[in-house]
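All ligand and atom numbering here is 1-based and tracks the order in the structure. Just so you know, these numbers come straight off a predicted model, no measurement behind them.
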Amino acid sequence: METLDLPPLLSAAGSVRLPGSKSISNRVLLLAALAEGTSEIHDLLSSDDVDRMLEALSALGVRWEALDAPGRFRVHGVGGPFPVKAADLFLGNAGTAFRPLTAALALSGGHYQLSGVPRMHERPIGDLVDGLREIGARVDYQGNAGFPPLAIAPGEIRPGGVVHVRGDVSSQFLTALLMALPLTGVETRIEVVGELISKPYIEITLALMQRFGVAVVRDGWRAFTVPGGVRYRAPGDIYVEGDASSASYFLAAGAIGGGPLRVEGVGRGSIQGDVRFAEALEAIGARITMGDNWIEASKPDVGGLKAFDLDLNHIPDAAMTLAIAALFADGPCRLRNIASWRVKETDRISAMATELRKVGATVEEGADYLVVEPPARFVRGVIDTYDDHRMAMCFSLVTLGNTEVRINDPKCVNKTFPRYFEAFAAVTRSVPVIAIDGPSASGKGTVAAAVAEALGYHHLDSGSLYRLVALAGMRGEVALDDEARLARLAETLPARFEAGRILLGGEDVTDAIREEACSVGASKVAALPAVRDALTLRQRAYRRAPGLVAEGRDMGSVIFPDAGLKIFLTASARVRAERRHKQLLEKGMAANMEGLIRDLEERDRRDAARAVAPLRQLDDALLLDTSGMGVTEAVEFVLAAARAS
Ligand code: DC
């Protein structure tokens, strides 16, 4: 499976242009298709769910064209029911396509099959089907009763009827009926049974129907009358607002990571209920400012986000982002009235509880609520995303807790925000890493330590980890080519770095790991891929605020490929031999210059030729040749480059 490793972050600030709203995009497409006349849609979302709708419309005989500008589409409305009277539609996991098309096709007088991915077939649709049957539509279940896939046949639509629909499972059933009923040509009354959830989504539906010329008469939230003898009429140009649910990730990032972080595309004038996420964020301490078409969030003036207990029924999607914000609050937080989470892309209550626990939170899960207690310290988590775009986007925010996060199957964001991770990276600053590599005896260790000291950064001497594995292996009588056992050793290595000393299980081995036997051993174990894998996470864990200087072979390529500064530090073999010669003499050891040069050149060749993590200057690394340079000058060079990077 594909994974994405997100680095720990220092802060979030900047400005993001939001992609178009999914809810609005798919509603506008359907209304434009059913309308008389041509609609020119601006800023349509580009995503899987919208693609499913566009494909379905083509299959149903609706002509549309993508125009030159991104997100610009022309739809030639058919002015009534769909002209194609038989079709087999695959709608993926797009609820915003499946439900409204079911209703519109049930009233189109044709034979249609609708199916989706397995998860779509677990998402209830029975309440909508019951409502449609009530006025004479013929809709049959192809699998389990109450769930897709569906088969639709021409029905005898009874005029002037009353349709009952439950409001407490998904508001999309009501949305689907509202949008489809004008196709019958007769006045129909919809009565909502039970409490209507997610009301703001119904407001979007009504506002858009109005734009297309159909005014629904609303009687509180209990009944809706769709007038007879009306037709949708294309409004000419229509603009899709930015996605308010997607805005929530950036607003939360600003509130947690400093800000100001501005989202453009939604604001005070938005018809989307999820803009009210900003109010919730403000209620827990964030600073929020708003214009007609933008919202900006910053962290509280004093302290962090406050613990909360909120009814979130009105913003079910954006509420997921509050479950993540809870990780950064000053006490346990309760998210109430969120039962609809259980029938979304996945069972979001259960998925959220499971993944929040992975990063260190204590979570209580109820039928329709969650209580999230923030972790004392974040734990690096490998996050499963359940084919749910919002799970992936939400958990990117955990990196603001100064921890790395791995997102499994990150492409699930394609459902609504294909470029999410790029947009997120553009407005966040990760904990900086300076990666330094170079040949043996180049002085990279000395320079790396001095640079770390000067910047107040952490320092990772990755070579010492390989040396420690070799030492632990030799002591435990593990053969240095026993890859599996050495990898296990590497994973559980009881090593600590303290005040310039290196401890293994409490024993000071600073000098022992520098001995020749350990050098030879280290170079053997370093050639074993399983050992390298086992050390990867351990090395990444060194990346903490305010920054890290990481020294060693694959620091800039495998461990921290996103390092902001990469240095390849080298010197001629003669200069390196001279340095080594001097060190040996100081230790009272015999040394021979010509022998040392030969050894170094030999080692360079071996290092450069080896299959696993060979020594080479990365394309994006700066070359620092210290042949004619002292340590101070080399350190200055790196510091200057760090300032410039
Ligand atoms: O830098 P050093 O001499 O302490 O490294 C010890 C061994 O480990 C050497 O053979 C290079 C290897 N090594 C590696 O393969 N990858 C690293 N990131 C660091 C060191």
If you scan protein heavy atoms around atom 13 (N) of ligand 1, the nearest is Tyr466 CD1, 3.9 Å
State the atoms of ligand 1, each with its element, that fall below the 4.0 Å cut-off from a heavy-atom position in [X].
| X | result |
| --- | --- |
| Arg467 | 2 (P), 3 (O), 4 (O), 6 (C) |
| Arg610 | 14 (C), 15 (O) |
| Asp554 | 18 (N) |

Could I get the full list of side-chain hydrogen bond (donor to acceptor under 3.5 Å, both in side chains) partners for Arg475, not counting sequence neighbours?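 For Arg475 the side-chain hydrogen bond (donor to acceptor under 3.5 Å, both in side chains) partners, ignoring immediate neighbours, are Glu507.
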Taking the non-hydrogen atoms of Arg514, is any one of them nearer than 4.0 angstrom to ligand 1?
-> yes
Review point. Is the shortest distance from a Lys or Arg side-chain nitrogen in Asp330 or Lys306 to a carboxylate oxygen in the other one below 4.0 Å?
Key: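 Salt bridge absent between Asp330 and Lys306.
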- Who gets closest to atom 5 (O) of ligand 1 by heavy atom: Ser523, Gly445, Gly463?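 Of the listed residues, Gly463 has the closest heavy atom.
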Note: heavy atom closest to atom 1 (O) of ligand 1, options Arg553, Lys444, Glu551, belongs to Lys444
CG on Leu569 to CG on Leu622, rounded to 0.5 Å: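 So the gap between those two atoms works out to 11.0 Å.
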_Quick one about Arg576 and Ser442 (side-chain donor to acceptor, distance below 3.5 Å, no hydrogens or angles considered), yes or no?_
no
Residues 389-411 vs salt bridge (Lys or Arg N to Asp or Glu O under 4.0 Å), sequence neighbours excluded, gives Glu2-Lys411, Asp5-Arg406, Asp317-Arg390, Arg380-Glu404, Glu404-Arg540
